[in-house]
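The first residue in the sequence is number 1, and the count goes up from there.
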Amino acid sequence: MKPLSKRWSVATLFVVLGCATAYASTPVRPQPALKADTLTAQVGQPFLMSLELPNGESWTTANIARLIVRTFGKQQTIPPTPVVGTRDVAHTFTESGYAMIVLSAGPGSEKGRSDAWQRTTYCAKLVVKVESNEASPPADELQVERDPGLMSKVGQKIEIRPYISPATVLAGDDLPVRAYFDNEKQVGGAIKAIAPDGSVEEKTTNDAGYANFTITRAGRWLIRYEKEAEGTKYVADLIFEVPTGSHKEGSEG
């Protein structure tokens, strides 16, 4: 029989290794570089956004080649200047409905170049629902006849284009998307859908650049396409929220 101390050492080693294996097998949920605490804005109130690229750069240091907001019949540039005393950039909406915030960003070393927009390694689209306390049609009704172009291409270096408006998607619905890089459809690329519970589903784009995902539940969704070209990694994110109480919610448990 082994001395008690040795038996405890062996047992402890197995426990430690077992725990390490368990933690190592736990998938890390992808996080967008462009973040907002909520995807519902209020008319007249600042809507706050933070940015942290994989290299640690943020609004003040990164190459922000494009930061715009699209609402019905209007497109505005958002100055990438944080609110004093914070790390957040703010935009204030003036009318209810749906909006899309478009970001193209990359390393700060590329600032000032004539082709800076081509040197953006992170591109995101953020779908925002804008509500008003005034007696006006709710955003859900406005989105059909006042669509700000949620399904349109916007000309990003790397881009995800939805083929059903994210503003109309309900739990249980399908969402077809298409991936682009340098304005070309991406065939055979890996594209992911990250659900609100952190689960990840990966699809391969077909010969037309499409992939189709079933939106299984309410909450915030992240659709991501990544590509490596000439030793550089590029990432495109599409971020939107499916409302609670959708007619098919709970179909996946």
Side-chain angles (χ1 to χ4, degrees), residues 29-36 39 49 51-54 62-71 75 78 98-106 117-129 143 147-171 173-196 198-217 219-229 232-242:
R29 179 183 181 181
Q31 294 292 326
L34 177 65
K35 295 184 177 69
L39 296 184
M49 298 166 285
L51 176 69
E52 185 175 357
L53 297 179
N63 167 31
I64 309 299
R66 195 179 193 194
L67 179 60
I68 62 172
V69 58
R70 286 187 171 185
T71 53
Q75 178 172 299
I78 302 174
Y98 277 88
M100 182 167 65
I101 293 171
V102 178
L103 169 70
S104 296
W117 73 273
Q118 282 278 21
R119 299 170 181 270
T120 51
T121 54
Y122 178 75
C123 298
K125 295 177 180 177
L126 199 67
V127 178
V128 181
K129 181 179 181 180
Q143 72 83 22
D147 184 355
L150 299 180
M151 294 183 290
S152 302
K153 284 180 66 180
V154 297
Q156 293 170 300
K157 174 74 174 180
I158 185 168
E159 181 173 355
I160 297 172
R161 180 183 182 183
Y163 276 79
I164 291 177
S165 171
T168 66
V169 172
L170 303 176
D173 289 344
D174 286 344
L175 178 64
V177 297
R178 199 177 198 183
Y180 293 89
F181 182 75
D182 276 344
N183 208 36
E184 297 290 335
K185 65 183 181 183
Q186 298 297 289
V187 176
I191 190 166
K192 299 175 182 177
I194 297 91
S199 58
V200 180
E201 182 179 13
E202 184 172 307
K203 297 285 186 72
T204 300
T205 56
N206 63 17
D207 57 6
Y210 291 99
N212 186 72
F213 294 98
T214 298
I215 303 303
T216 55
R217 64 192 70 228
R220 188 177 301 195
W221 284 78
L222 169 63
I223 310 296
R224 170 167 289 184
Y225 174 62
E226 299 175 317
K227 182 182 180 71
E228 186 163 325
T232 299
K233 183 179 179 180
Y234 297 85
V235 178
D237 283 343
L238 172 66
I239 306 161
F240 61 95
E241 190 156 288
V242 175

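- Note that CG of Asn63 is 7.0 Å distant from OG1 of Thr120, once rounded to the nearest 0.5 Å.
- Minimum interatomic distance between Val187 and Gly209 (heavy atoms only, all atoms of both residues): CG2-N, 4.4 Å.
- Ring geometry for Phe240 against Trp221 counts as parallel: the plane angle stays under 30°, on a 0 to 90° scale with 60° as the upper cut.
- Put simply, CE on Met100 and CG on Asp147 are 8.5 Å apart, with the number rounded to the nearest 0.5 Å.
- Within the 4.5 Å cutoff, no side-chain heavy atoms of Leu150 are placed close to those of Pro162.
- A salt bridge links Asp182 to Lys157: one of the charged nitrogens lies within less than 4.0 Å of a carboxylate oxygen.
- Salt bridge present: Glu201 and Lys203 bring a charged side-chain N and a carboxylate O closer than 4.0 Å.
- With rounding to the nearest 0.5 angstrom, the CD1 atom of Ile64 is 11.0 Å from the OH atom of Tyr122.
- Ile191 contributes atom CD1, which lies 10.5 Å from atom CD of Glu226 (distance to the nearest 0.5 angstrom).
- Here the side chains of Ile158 and Thr121 are not in contact, with every heavy-atom distance at 4.5 Å or above.
- Once rounded to the nearest 0.5 Å, the distance linking CD1 of Ile160 with OG1 of Thr205 reads 11.0 Å.
- Taking both residues in full, the closest heavy atoms of Tyr180 and Lys185 are given as CD2-N, 3.8 Å, listed atom of the first, atom of the second, then distance.
- For Val154 against Glu159, the heavy-atom pair with the smallest separation is N-OE2, 2.7 Å.
- Residue Lys153 qualifies as enclosed at atom NZ: its count of foreign heavy atoms under 6.0 Å is above 12.
- The two residues Ile78 and Met49 come nearest to each other via the heavy atoms CD1-CE, 4.2 Å.
- For Arg66, there are no side chain to side chain donor-acceptor pair (under 3.5 Å) partners, not counting sequence neighbours.
- Put simply, the side chain of Thr214 never gets that close to the backbone of Asp174: no donor and acceptor are under 3.5 Å apart.
- Nearest heavy atom pair, residue Pro148 against residue Tyr98, reads CG-O, 3.3 Å.
- Counting only distance, with no hydrogens or angles, the side chain of Arg161 and the backbone of Met151 share a donor-acceptor pair below 3.5 Å.
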| message | Would Gln156 and Val102 count as a side chain to side chain contact (heavy atoms under 4.5 Å, CB included) here? Give the steps. | response | CA-CA 9 Å; Gln156 293 170 300; Val102 178; 3.6 Å; yes
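- A search for ring-ring contact (aromatic ring centres under 6.0 Å, His included) contacts involving Phe213 returns nothing, not counting sequence neighbours.
- Put simply, the side chain of Arg224 reaches to within 4.5 Å of the side chain of Val235, judged on heavy atoms.
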| said: Under the criterion side chain to side chain contact (heavy atoms under 4.5 Å, CB included), I'd like the reasoning laid out for Asp173 against Ile164: C-alpha separation, chi angles, the key distance, then a yes or no. | reply: CA-CA 10 Å; Asp173 289 344; Ile164 291 177; over 6 Å; no
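- With hydrogens and angles disregarded, no donor-acceptor distance shorter than 3.5 Å links the side chain of Thr71 to the backbone of Ala99.
- One distance of note links SG of Cys123 with CG of Leu238; it measures 12.5 Å at 0.5 Å rounding.
- The nearest pair of heavy atoms linking Ile239 to Leu39 is CG2-CD1, 4.1 Å.
- Atom NZ of Lys192 sits in a sparse spot, with 12 or fewer heavy atoms from other residues, nucleotides or ligands closer than 6.0 Å.
- In this structure, Ser152 and Arg70 have side chains that are in contact, with non-hydrogen atoms separated by less than 4.5 Å.
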